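What you are looking at is a predicted structure, and each value in this text was computed from that prediction instead of being measured.
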Amino acid sequence: MNRPAAPAIELARVSRTYRAGRPEAVPALREVDWTIPAGEFVSVEGPSGCGKTTLLNLIGLLDAPTSGEIRWDGVPVGSRTDRERARLRLEGVGFVFQRFYLLPTLTARENVELPMRAARVPRGERTRRAADLLAEVGLRGKEATFPHQLSGGEEQRVAVARALANRPGLLLADEPTGELDTTNAGAILALLERVRADRDATLVLVTHNPEVARRARRHVTMQDGRISSDVREA
Amino acid sequence: MRFGFGSRLRHLRLQQVLAIAAVATAVALPVVLISVGSGVSAHELSSLENAGYQIVVSAAGVHGIADAHNLSERILGLASVTAASPVLSVTIDAFPAGGGSTPVLAEGVVPDEFTPTLGPAEKGLFPDPLPLGDPSDATHFANGTYTGPATDDVLVSSPLADAKGIVNGSKLWLGPTANESGAVEYNVTGTFGVPPTALGPTGVFAIVLPLSNLQVMSGVAAGANASVNDGADTIEVAVSGPAATNQTALEHVRREVQQLVPYYEVSSLDSEAQQLQAASGVLIGFYLALSSVALTVGLLFLALVLVRRVESDRRSIGIRRALGLPRRWIAREIVADGLLLASLGGVLGVVGGYLIVRALATWASADVQLAAQWAIFDPGTLVAIVLGVLALALLASGVATRAALRIEITEALR
Ligand SMILES: Nc1ncnc2c1ncn2[C@@H]1O[C@H](COP(=O)(O)OP(=O)(O)OP(=O)(O)O)[C@@H](O)[C@H]1O
Ligand SMILES: [Mg+2]
């Protein structure tokens, strides 16, 4: 399949302030300037509430900045229509959500197949790919299980498999190993790294775990809605 | 959020059951109104079309047709006319031998002219010849005066006969008012059946007597100090030959009759049928307007349930939009939901409406029963109603879809 290659991403003075349902506005991101070249493996660390998920949502086109501009390969994403952004998310972004967000009425396999169905991957191909992915995340035999019958760690692994289904160029993983033991966490990280390397994809990995963060080539730390340090390994 | 019809059905919740019930109720109303309404119209139309006469002379206003015997003779002289029957209809009072009085609808007729104007269905209801003693009504009505001996014979409708214990050979006193002292004694010489009518008992308590007798009784007789001389309400004209089947030929005869009676209204039943059809069209239109109110309420309810469903599915919808699934997938699901509920409601409504009409035909009061028995369930109309409901359901789904697509992804995922 000819998937879009990883985009080069730029954030220019990006702020995101939440207003809805709160007495006072919450500035979750404050004028962030940041560039992620295509194919990079970046870890994002920082205390809870510092804006990591907000940042991923903006990069992954789930949300729009309150001010500032986000560009993919130089093109401001704000200039694209809703429909175009949905298509980019479907085919170009693999999101492992912090809270998994599996569809409760679909089985593990159906959850993994869903983005492929939407992207019109032929049935045989998507059945095979879903089976392979579930096997790779260690869930062989759990294909027909519904999310509520899975443990938190198992759900998380289904979420990883789903994120990889359409072979996206941009992988955004929000604490993808938060619910996992060391062995499983290691396996998932190895999978993400391998997929990233195979496809030359960009991987942005949010984590609280320094062990996990160490596997990245570039380490970003956030504080209070700002990037406080950004270290690239030699 | 599973895909497929079966699982949708299995996951019906109370809300959806209520929405189906609302749509069903909304559909049942037009089904009942339109089937019964068009049935009654069709029945009236067919009784018009099955009448034994094709042209009616009537007097606009209350003064009646004067010189009725004479005019009828002259109309009868026209080439294709086979009968010209003057009829006077008056409500008078009958005093059966058992005592008491009852209002009856009296029809004064000329027996020999009346019989040929009976339609095929009516013919069997009357004795033939009419046993009224004076077939041409000439004995009493002699040369425009009322000097001859009256036959004083009367025919009684079987419901009246049954109700009052009147039999062939009974005496029956008839008078223009409820005051018995003004009544005259008549001989009951037979009974006649009445076809079912939606008019109720007053319509079936009827008597038939010679025209001249009724004229005398109601003060429109020839020679008397009458407001109308030799009065009648209508002259029913039967034709034969091409005029009986051909509209243009009938119109030609109608014009000939009109020339004989320039002061009266002459209409062909053909045009009356058209008027009736137009009138029933208006009525059906009114039913449709009424029904569309019911349908609108039903579908507002459906829209409400669909929007509620979208709200409770916020999270799932947010996830699917976050994954980048096309908007039409989300729309399709809501529309499928809406159509499923609406079509279930529509089918239930049609079946329910049918059952309601059947129930009315069995258990309602006599008049309603009769109307319900005439009901026509036209498949085309029923399908049109259901299709209309589905079209409106699309609209309701559209409202819900709009709500679904306006959900902010990050808000829905919180
Ligand atoms: N939709 C929202 N509406 C209002 N406030 C929000 C919303 N999402 C996040 N916030 C607030 O914005 C700030 C940043 O949130 P964010 O989820 O980005 O933090 P995080 O770094 O991912 O934290 P954690 O490590 O706990 O996941 C927090 O103060 C949070 O309460
Ligand atoms: Mg977070």
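Heavy-atom contacts from other residues, nucleotides or ligands closer than 6.0 Å to CZ of B/Arg402 number 12 or fewer. Applying the 6.0 Å contact sphere to CZ of A/Arg87 captures no more than 12 heavy atoms from other residues, nucleotides or ligands. Open room surrounds CD on B/Gln247; 12 or fewer heavy atoms of other groups in view lie less than 6.0 Å from it.
Side-chain contact between A/Leu114 and B/Leu323 is present, with heavy atoms from C-beta onward closer than 4.5 Å. A 4.5 Å side-chain heavy-atom check between B/Arg327 and A/Asp82 finds at least one atom pair inside the cut-off.
Between A/Phe97 and B/Ala322, the shortest heavy-atom contact is CZ-CB, 3.9 Å. Nearest heavy-atom pair, A/Pro115 versus B/Leu325, reported as atom, atom and distance to 0.1 Å: CA-CD2, 4.3 Å. Minimum heavy-atom separation, B/Arg321 to A/Arg89: O-NH2, 2.8 Å. Of all non-hydrogen atoms in A/Leu103 and B/Arg320, the two that sit nearest each other are CD1-CG, 3.5 Å. Between B/Thr410 and A/Leu62, the closest heavy-atom pair is CG2-O, 3.9 Å.
Contact of B/Arg315 with chain A is made through the side chain alone, with heavy-atom distances under 4.5 Å. Of the atoms belonging to A/Tyr101, heavy atoms from both backbone and side chain fall under 4.5 Å from chain B. For A/Leu61, no part lies near chain B; criterion is any non-hydrogen pair under 4.5 Å. Of the two parts of A/Arg85, neither the backbone nor the side chain holds a non-hydrogen atom closer than 4.5 Å to a non-hydrogen atom of chain B. Contacts of B/Arg414 with chain A are made by both backbone and side-chain atoms, with heavy-atom separations under 4.5 Å. In this structure, chain A has no heavy atom under 4.5 Å from any part of B/Leu405. Heavy atoms closer than 4.5 Å to chain A are found in the side chain of B/Ile319, but not in its backbone.
The side-chain hydrogen bond (donor to acceptor under 3.5 Å, both in side chains) search around A/Asn57 returns none, not counting sequence neighbours.
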